[in-house]
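Written below as structure tokens is the structure these notes are about.
Protein chains get the first letters and strands the later ones, always in sequence-line order, with residue 1 at the start of each.
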There are 2 protein chains.
Amino acid sequence: MHAETNNETTVHKRIGTINNSVSVDCVIFGFDFTNLNVLLVDRVMYDEHTGVELFSDLTLTGNHIFEEEELDDAATRILYELTGLENIYLEQFYVFGSPKRITRQNDKKWLEANGRDPESRIFTVGYYSLLATDNVTLQWKGRNVRWVPVSEITDLAFDHMDILHKALGALRKKLINEPIGFELLPAKFTLSQLQRLYEVVLGVPLDKRNFRKKISRMNYLIPLDEKQKGVAHKPARLYVFDRHIYEKNRKELLDFAI
Amino acid sequence: MHAETNNETTVHKRIGTINNSVSVDCVIFGFDFTNLNVLLVDRVMYDEHTGVELFSDLTLTGNHIFEEEELDDAATRILYELTGLENIYLEQFYVFGSPKRITRQNDKKWLEANGRDPESRIFTVGYYSLLATDNVTLQWKGRNVRWVPVSEITDLAFDHMDILHKALGALRKKLINEPIGFELLPAKFTLSQLQRLYEVVLGVPLDKRNFRKKISRMNYLIPLDEKQKGVAHKPARLYVFDRHIYEKNRKELLDFAI
DNA sequence: TTGGAAAGTGTAAACAAAACACTAAGCTTT
DNA sequence: AAAGCTTAGTGTTTTGTTTACACTTTCCAA
């Protein structure tokens, strides 16, 4: 799953001109069996003369794109830089392009200090991606990176709170309509973990028996002859998601409910 | 519902610099009780010396945006120019930004003839909008505008086929999950018209009795003491959609089916 | 007055959703 | 070795939803 670091043609090695009107922001979701987390990056700014800290806050992981680069590839590249992983689940969900995106002083200062014009309009294409909370590098462009539970995030730089909220809405909608939860779990997982995932992301409690009844109708969820190990209680059976079966049996849903 | 044409502050009167990296394309859907239609614009190009027609095809309705303009406002503006209507239902659905968007010769020629650099990368934000097939001006920027049934559209300029397909997918998904069909019908409509709408957009036949049973569970669909007039058969009862009731009773759907 | 055309209506069977509580299995502690 | 902790795993009943299916009513036009 890792990039072939000697392959010059990999999408992660783009060079060329940077497009300075459009960028990509990734809302990287991770699940640690307890919380839904988002990968955030520390943004600390120091006075350029005195070295005194001016402010410290958090941002999503965003990036410029190259002129010859597809949007999806730019998002994939960011994910690769952060995680070293390829084939991460990724979904474009919205474009943020208000002329008033950058209004706060801290944001303007930061852009200036990084050689960008804080008055020029930049559109950003929002992607969200899903991974098991794991395998993540702790540095990105010299800045600290960390998982933060979504429920604890109250403030972010730029318009990143808006982006996060929209991403979360898109994720919930997707989770309700497609079996995407598996992207947030390890390959082998228990039904309780899956249930917890739904409960945490959707923010509702679910009945264990009804949940399992529903699950048992999904023939692409395969029970293994294997159990959890090293837990201090009855170990649960492990399951895998069979994408192949899912794609085959996927019938177009037709339920104009609500 | 019409713009106040003397009000200088209306969003439809934007002036200022044009942003030349990002544009907006609108897929304008209309329903005429038989087909799902899209509003298309003729694109005819003539040899600049001889006046001979070089090619003739169709495009979606797209437009530049102004530097100080919100994306949604730009889309609203296009709709207003075309229809004279405000408060049209509108949904951003995807950004198209491939570096390879413009590859065909016709497209390059057209851009050049219109004073634009065919090699410069332009991102376009896709919106779809819904209206009853009605009340539409027949000219836009001196070009002919017409409704074309979606099923008959096989070729469009630029990457507009991609945009159309993506819009159609987004519309179907939305129609299944939210009562949005009313936007494609006149304020008063019959149940048969509503059923036909679902059948046409989703491309499936529906059982009349089951459809009506389902409908009768939706308390925001209000039957009127009024009937169709001037039809050569038993006239149907008219209904209205009550958005207020819908918004009140909207409970977050929770059905991670498929 | 008749014929055409779409409107409008009910029932039974299969399936899905919701509500609800106890036993089983492995690990830890004493 | 036994007791206790913790989570896994399991079934039934009631209620609501989906599906399949055919005939009568009402208006207009000829």
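By the salt bridge (Lys or Arg N to Asp or Glu O under 4.0 Å) test, B:R143 is found to be paired with no residue, residues two or more places apart in sequence or in another chain being considered. With sequence neighbours left out, A:W147 forms a side-chain hydrogen bond (donor to acceptor under 3.5 Å, both in side chains) with no residue at all. Applying the ring pair (Phe, Tyr, Trp, His ring centres under 6.0 Å) criterion to A:F189, with sequence neighbours excluded, gives A:F182. A:E183 meets the side-chain hydrogen bond (donor to acceptor under 3.5 Å, both in side chains) test with A:R243; sequence neighbours excluded. Partners of A:R237 by side-chain hydrogen bond (donor to acceptor under 3.5 Å, both in side chains), not counting sequence neighbours, listed by chain and number: A:D225. Scored by the ring pair (Phe, Tyr, Trp, His ring centres under 6.0 Å) test, A:Y94 finds A:F96 as partners (sequence neighbours excluded). By the salt bridge (Lys or Arg N to Asp or Glu O under 4.0 Å) test, A:K166 pairs with no residue at all, sequence neighbours left out. The salt bridge (Lys or Arg N to Asp or Glu O under 4.0 Å) search around B:E226 returns B:K188, not counting sequence neighbours. Scanning for salt bridge (Lys or Arg N to Asp or Glu O under 4.0 Å) contacts around B:D72 gives an empty result, with sequence neighbours left out.
Backbone-only contact: A:R237 has heavy atoms under 4.0 Å from sugar-phosphate atoms and none from a base.
Less than 4.0 Å separates DNA chain C from no heavy atom of any residue of residues 183-192 of chain A.
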Give me the distances for all protein-to-nucleotides 11-15 of chain C N/O pairs that come in under 3.5 Å?
residue, atom, partner, partner atom, Å
C:dT11, O4, B:K213, NZ, 2.9

> How does protein contact run along nucleotides 21-30 of chain C, one letter per nucleotide 5' to 3', with B for base contact, S for sugar-phosphate only, - for none, heavy atoms under 4.0 Å?
Replying inline: B--BBBSS--
